[in-house]
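One structure is given below, encoded as structure tokens.
Start at 1 with the first residue, then count along the sequence. What's counted below: heavy atoms across the whole structure, side chains too, no hydrogens, waters or symmetry copies. In each ligand, atom 1 is the first atom listed, and ligand 1 is the first ligand listed.
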Amino acid sequence: MTHEKRTWWKEGILYQIYPRSFFDSNGDGIGDIPGICEKLDYIADLGVSAVWLSPIYTSPQYDNGYDVADYRNIDPMYGTLEEWQILASELHSRGIHILGDLVANHSSHQHPWFHQASSSIDNKYHDYYIWHPGEQGRSPSDHIGFFQGNAWEWNEATREYYLHMFLKEQPDLNWDNPAVRKEMLDVVKFWKDCGIDGFRIDVANAISKDTSLFSKRSKTDTLSAFDFLNGPRLQEYLQELCQKTRAYAGDDFLMLGECPEQYAHTALPLIGYENDALNLLYSFDLTKNDLMKSQEARDREKNIATKLRKYFTSWLSELYGKAWLTNYFNNHDLPRVVSKFGNDTEYREQAAKAFLSISLFAHGTPILFQGEELGMTNYPFTSFDDFKDVDALHFIEAQRAKGLKDDEILEIIRPNSRDNSRTPMQWDNSPHAGFTTGTPWLSVNPNFKTIHASAQRKDPQSIYAYTQKLITYRKTNPSMVYGDMNIHQPHSSDEQSILVFSRSSEQGKIFVCSNLSSHYAPIPRDIPSTGMKILCSNYIDEQTITSQKELRPWESTIFIETSR
Ligand code: TEU
Ligand code: CA
């Protein structure tokens, strides 16, 4: 066990709320801040240590709030600043931290900065964004944005293009301009003064860009806005932001960066303790957004146990003792894990619990996403009209232009669309799952009649109860947080689908053994045959693992070694 400085965010469990889909207090079909306030007992009972709210700031909502028009105010759709403050103090009185979402890489095109910047080259805000005159009437480079189409947009008033890695309604801020860096720091300070405890930083590794790419063309390859990630001054800008933040807000203030295209061997400069930049990051190494991948790549990843073994092995071997890791399977950009990597029919409960055993008992801070504690699943989309997300809508357009048939496109987006995780929380079995008395902005998953919080809160065997139990255990056993983690390698090909890891400390050794497949699998050889006590299992009979001949589909058992 390495010597780790103890902090709340290493020991805590983070819970992401997607406010739009959490709970609607006024019947307009959209979740809101007073709605979150009505569900505080639910959140507190679950036992999480912090909630992170996806953006609730003033926004024209082209990308559900990831396009901010005023960083210092709440969108009226979500409530008021006073209501945010009530929420913050209610959470604090329950010992729960509140985290915001800092959309630092780009603003909305409706932000006053962009109005000014795009009006004239001489405007003092002009240099807040990234401009280029283009080349002989064409956009400067051939990069395709995250949401399809060229990443540059023409601005007639100044007769130049501006860069947007995402929508054209999300112009990229120019972090090479010190005034922009100061603005973002001021935004952080503003929210600290309002009582916030930290931020998740949206595409944190996009803020520095290699300007030599701005005129790049390619006849053979498709250039993607991904190329702009991880620019040359990234570490410097994150250090500046985080160090100044800590100087103002204290060392406990959490800076968690969302960093797509970061890997075990590249992450140290951003999260290493010695580098004093971000505290934590989450990459999409494990769970990449699938709309961007080929069918072949998607199929290769079917064996989640193998994928997880690689993931944990590489992140731990590169970073153990030098930085702190995160564990997550779900967020608002990903399909639901039970559907994507698990089983959302016959073994849904077991699969949901197996993933929870892993994220809550592995080394690193767990980040849960609303509904994960209920085993919520993907949505059975049947037509393009069911989708609301710009990512899916633009993808449909782009694929049609390439000549793909509608049913082929539907096959791709149904399991992969971000809307899968954004469907409203399933509170009970009343209309619209009790989420709203109006018409929900995105349809509720029809399985709400059987999958909902109200039933699970009463059932000691439910996924909710299982989550609670694991959270309590983690919170009351620092050895679960700081103990070593050892990933066991399979001894034969039929052990491939089983993930076994152990956590050890002076307090003893804990094994987490999960069959991540829908078929029976052998008991792995590394499991001791005697001297263990079951802490919990996702099969209700809790048969001891060694009294069985085989592991059942999605069986996951956590046990403590009592003697050797
Ligand atoms: O996501 C950035 C990101 O890397 C993605 O997973 C993105 O959803 C995907 O690549 C689109 O194809 C962040 C936010 O989490 C996401 O919701 C926003 O849409 C995006 O940034 C822009 O702010
Ligand atoms: Ca509402």
Side-chain angles (χ1 to χ4, degrees), residues 16 18-38 52-57 59 61-68 74-80 83 101-108 144-149 151 164-173 200-207 224-226 228-230 256-262 281-293 328 330-335 367 369 388-395 398 412-413 416-422 424 432 435-441:
Q16 182 190 357
Y18 196 65
R20 189 177 257 275
S21 301
F22 195 63
F23 185 64
D24 174 22
S25 70
N26 62 354
D28 66 356
I30 300 168
D32 43 49
I33 294 171
I36 303 173
C37 285
E38 285 186 44
W52 141 34
L53 304 189
S54 277
I56 28 79
Y57 319 105
S59 162
Q61 306 289 331
Y62 282 85
D63 186 18
N64 289 3
Y66 282 95
D67 48 326
V68 179
I74 303 291
D75 196 286
M77 185 175 97
Y78 289 125
T80 62
E83 284 164 339
D101 207 314
L102 188 69
V103 191
N105 174 67
H106 44 269
S107 74
S108 159
I144 303 292
F146 278 70
F147 294 134
Q148 319 292 332
H164 60 92
M165 288 175 59
F166 296 89
L167 297 173
K168 67 178 191 309
E169 292 83 4
Q170 294 168 297
D172 280 55
L173 286 158
R200 173 261 191 193
I201 307 170
D202 191 54
V203 275
N205 59 330
I207 59 177
S224 146
F226 276 102
F228 295 130
L229 296 168
N230 304 316
L256 155 66
E258 181 212 24
C259 296
E261 300 297 305
Q262 274 294 326
L281 68 72
Y282 71 89
S283 75
F284 286 76
D285 188 2
L286 179 65
T287 44
K288 255 196 196 143
N289 188 317
D290 273 356
L291 284 188
M292 298 172 301
K293 283 192 294 195
Y328 74 100
N330 290 282
N331 65 42
H332 67 293
D333 293 334
L334 298 168
I367 312 176
F369 178 67
K388 292 278 187 290
D389 180 23
V390 283
D391 194 20
L393 302 178
H394 288 206
F395 184 83
I412 303 175
I413 55 177
N416 294 308
S417 165
R418 308 194 297 181
D419 280 331
N420 278 304
S421 56
R422 299 178 179 188
H432 306 307
F435 162 71
T436 180
T437 54
T439 307
W441 72 276

In terms of atom number and element, which parts of ligand 1 are under 4.0 angstrom from non-hydrogen atoms of [X]?
X: Pro260; result: 4 (O)
X: His106; result: 22 (C), 23 (O)
X: Arg422; result: 17 (O)
X: Val203; result: 2 (C)
X: His332; result: 14 (C), 15 (O), 16 (C), 17 (O)
X: Arg200; result: 14 (C), 15 (O)
X: Asp63; result: 18 (C), 19 (O), 20 (C), 22 (C), 23 (O)

Quiz item: Are any of the heavy atoms in Met165 under 4.0 Å away from ligand 1?
Solution: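 Met165 does not count as a contact of ligand 1 under the 4.0 Å cut-off.
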Quiz item: Is His394 in contact with ligand 1, taking contact as a heavy-atom separation below 4.0 Å?
Solution: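 For ligand 1, residue contact (heavy atoms, under 4.0 Å) with His394 is absent.
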Quiz item: If you look at every heavy atom in Lys388 and Leu393, which pair is closest and at what distance?
Solution: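 That closest heavy-atom pairing would be O-CD1, 3.8 Å.
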Self-check item: ligand 1 versus Gln148: contacting region, heavy-atom distance under 4.0 Å
Solution: neither
Quiz item: What about the rings of Tyr78 and Tyr57, do their centers lie closer together than 6.0 Å?
Solution: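 They do not qualify: ring centres at least 6.0 Å apart.
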Counting C-beta onward and ignoring hydrogens, is there a side-chain heavy-atom pair between [X] and [Y] closer than 4.5 Å?
X: Leu229; Y: Met165; answer: yes
X: Asn331; Y: Glu258; answer: no
X: Asn205; Y: Gln262; answer: yes

Between [X] and [Y], a side-chain donor and acceptor under 3.5 Å:
X: Asp75; Y: Ser59; result: no
X: Glu261; Y: Asn230; result: no
X: Tyr66; Y: Ser54; result: yes
X: Arg200; Y: Gln16; result: no

Quiz item: Is the Tyr18 ring parallel, tilted or perpendicular to the His332 ring (thresholds 30°, 60°)?
Solution: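 Plane angle under 30°, so parallel.
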Quiz prompt | Closer than 3.0 Å to the Ca ion (ligand 2) - protein N, O or S atoms, ordered by chain and residue number | solution =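 Only Asp24 OD1, Asn26 OD1, Asp28 OD1, Ile30 O, Asp32 OD2 fall inside 3.0 Å of the Ca ion (ligand 2).
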Self-check item: Phe147, Phe395, Phe146: member with heavy atom nearest to atom 10 (O) of ligand 1
Solution: Phe146
Quiz prompt | Stepwise side-chain contact (heavy atoms from CB on, under 4.5 Å) test for Leu256 and Ile367 | solution = CA-CA 11 Å; Leu256 155 66; Ile367 312 176; 4.2 Å; yes
